[in-house]
Amino acid sequence: MQSLQTLLRGLRELGRRLPIELHERVELRAWTSLKVGGAADLMVRCNTPEALSTVVGTLGEMEQPFFVLGGGTNVVAPDAGLRIPVLTLGGSLAGLEVDLDGVVAGGGANLTQVCRAVARAGLSGMEELFGIPGTVGGALAMNAGAGGVEICELLDRAEVLRPEGGLVQVHAGDVEFGYRWSSLPRGSGVIVRARLSLEPGDLAGIMGRMREVSAARSARFPRGATAGSVFRNPPGDFAGRLLEATGCKGLRVGGARVSQEHANIVVTDRGATAADVLELARIMRRRVRECAGIILEPEVRFIDEMGQEIPLS
Ligand SMILES: Cc1cc2nc3c(=O)[nH]c(=O)nc-3n(C[C@H](O)[C@H](O)[C@H](O)COP(=O)(O)OP(=O)(O)OC[C@H]3O[C@@H](n4cnc5c(N)ncnc54)[C@H](O)[C@@H]3O)c2cc1C
């Protein structure tokens, strides 16, 4: 772990010849959909694969941990902010290229834009994922899914940067995927790019399905600052059903409240803190454990100022 000054010196040097942007004291509430959290000491935006590779390699040599942030739609950023650098992917790392039977998308590409681009090209497979906020990298790290489709089903191959091993090409068959979980980043790996396999389909049918999916999402998800579902569904049941049955709707801690429309979604008001959300999630979990004997596991990632996941128990 390096001092901020040493890090800044090393990264500024890299910034002279590589397309990276350095930002100090970045408010994480502005970078996360739940709109809580303090400032990260340093954010490094890498705009090409080469820049990302050099930055990750340099941080690896310095034994400096970092946190990769995609769209910030599944992260509860800590009130104390982050003491380790936050890496984000921009420029060509957020680009996409549609081919005859799939798409190659950068880890920083917006998932909804990818869904739109492949649909316009008459490719089918991503309709159910339309409207899941965030990036392709975040979706692969979380194995995001909706409507019975998980992104892992579409993955052909991915390029992952590992601080200790450089860039590796990983085939879908070599990755373990579970429910809202994937081994692809394996610790601190960065998903640089991925190819998703799709099938040619009927343009009108694809567009029609996407409109239906979008309408269903608007009806299902409450408006406001949220991070989607707080808890994973336990086997054979729904977290939302269990939370509703135990009277969680409308519960409030400080500026965080359980949505009246969906018991598995926490909405924050202006001024809410990560501590409010954490405390509320603990109360929700405790209620379900006491009333139904089921232990809910979080889907959102509560992290501390070193980027480590905070356990709810
Ligand atoms: C309104 C709303 C609706 C939602 N609906 C759904 C839904 O239907 N289905 C669903 O599955 N999820 C849903 N989510 C949750 C969230 O959108 C997904 O988990 C999404 O895929 C996260 O992507 P992200 O880019 O925002 O990741 P982030 O929140 O930025 O990060 C999530 C995790 O992925 C890691 N990560 C991000 N990018 C990379 C990368 N390039 N390389 C390595 N690791 C990376 C981060 O370090 C972090 O651990 C919803 C969220 C909201 C706010």
Side-chain angles (χ1 to χ4, degrees), residues 28 31-35 37 40 43 45-46 49 52 56 65-77 82 84-90 93-94 105-115 128-152 158-163 167 170 175 177-194 213-214 216-233 239-240 259 261-262 264-268 298-303 307-310:
L28 290 166
W31 284 80
T32 52
S33 59
L34 201 56
K35 307 260 171 270
M43 184 178 273
R45 189 158 185 86
C46 298
L52 181 65
V56 169
F66 55 83
F67 184 79
V68 191
L69 188 67
T73 63
N74 208 48
V75 172
V76 185
L82 275 169
I84 58 172
V86 176
L87 296 195
T88 63
L89 278 56
L93 291 165
N110 177 285
L111 186 68
T112 294
Q113 282 174 10
V114 176
C115 293
E128 303 301 320
L129 307 183
F130 183 55
I132 300 181
T135 61
V136 167
L140 284 165
M142 294 303 304
N143 191 19
V149 175
E150 292 180 323
I151 196 165
C152 65
E159 284 171 24
V160 183
L161 257 174
R162 304 207 188 282
L167 190 69
V170 187
V175 187
F177 285 104
Y179 171 54
R180 303 293 173 265
W181 175 86
S182 135
S183 69
L184 198 52
R186 216 188 64 209
S188 50
V190 187
I191 300 161
V192 181
R193 210 165 11 209
V213 167
S214 182
R217 276 194 164 271
S218 305
R220 200 168 79 241
F221 283 100
R223 294 193 187 285
T226 84
S229 301
V230 176
F231 294 99
R232 292 154 208 255
N233 290 325
S259 162
E261 290 108 69
H262 198 313
N264 194 18
I265 292 184
V266 165
V267 187
T268 60
E299 180 172 327
V300 292
R301 298 202 166 167
F302 292 92
I303 56 167
Q308 298 295 314
E309 251 182 283
I310 301 174

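This is a predicted model, so every value here is computed, not measured. Counting convention: from 1, in listed order, for ligands and their atoms alike.
Between E299 and R232 no salt bridge is recorded (no basic side-chain N to carboxylate O distance below 4.0 Å). With respect to R180 and E150, a salt bridge is recorded, a charged nitrogen being found less than 4.0 Å from a carboxylate O.
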Which atom pairs, nitrogen or oxygen on both sides, join ligand 1 and the protein at under 3.5 angstrom?
from     : atom 1 : to   : atom 2 : distance (Å)
ligand 1 : 5 (N)  : R217 : NH1    : 3.4
ligand 1 : 8 (O)  : R217 : NH2    : 2.5
ligand 1 : 9 (N)  : G145 : O      : 2.7
ligand 1 : 11 (O) : G145 : N      : 3.0
ligand 1 : 11 (O) : G145 : O      : 3.4
ligand 1 : 11 (O) : R180 : NE     : 3.1
ligand 1 : 17 (O) : T73  : OG1    : 2.8
ligand 1 : 17 (O) : P133 : O      : 2.9
ligand 1 : 21 (O) : A139 : N      : 3.4
ligand 1 : 25 (O) : G71  : N      : 2.8
ligand 1 : 25 (O) : T135 : N      : 2.8
ligand 1 : 25 (O) : T135 : OG1    : 2.7
ligand 1 : 26 (O) : G71  : N      : 3.2
ligand 1 : 26 (O) : G72  : N      : 3.2
ligand 1 : 26 (O) : T73  : N      : 2.9
ligand 1 : 26 (O) : T73  : OG1    : 2.6
ligand 1 : 29 (O) : T73  : N      : 3.1
ligand 1 : 29 (O) : N74  : N      : 2.8
ligand 1 : 30 (O) : G70  : N      : 2.7
ligand 1 : 30 (O) : G71  : N      : 3.4
ligand 1 : 30 (O) : G72  : N      : 2.8
ligand 1 : 38 (N) : G138 : N      : 3.4
ligand 1 : 41 (N) : I191 : O      : 3.1
ligand 1 : 42 (N) : I191 : N      : 2.8
ligand 1 : 47 (O) : V68  : O      : 2.6
ligand 1 : 49 (O) : R301 : NH1    : 2.8

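In this structure, N233 and Y179 have side chains that are in contact, with non-hydrogen atoms separated by less than 4.5 Å. Side chains of L93 and C46 form a contact here, defined as non-hydrogen atoms less than 4.5 Å apart. Counting only heavy atoms from C-beta outward, the side chains of V56 and F66 approach each other to under 4.5 Å.
A distance-only check finds a donor-acceptor pair linking the side chain of S218 to the backbone of S214 [under 3.5 Å].
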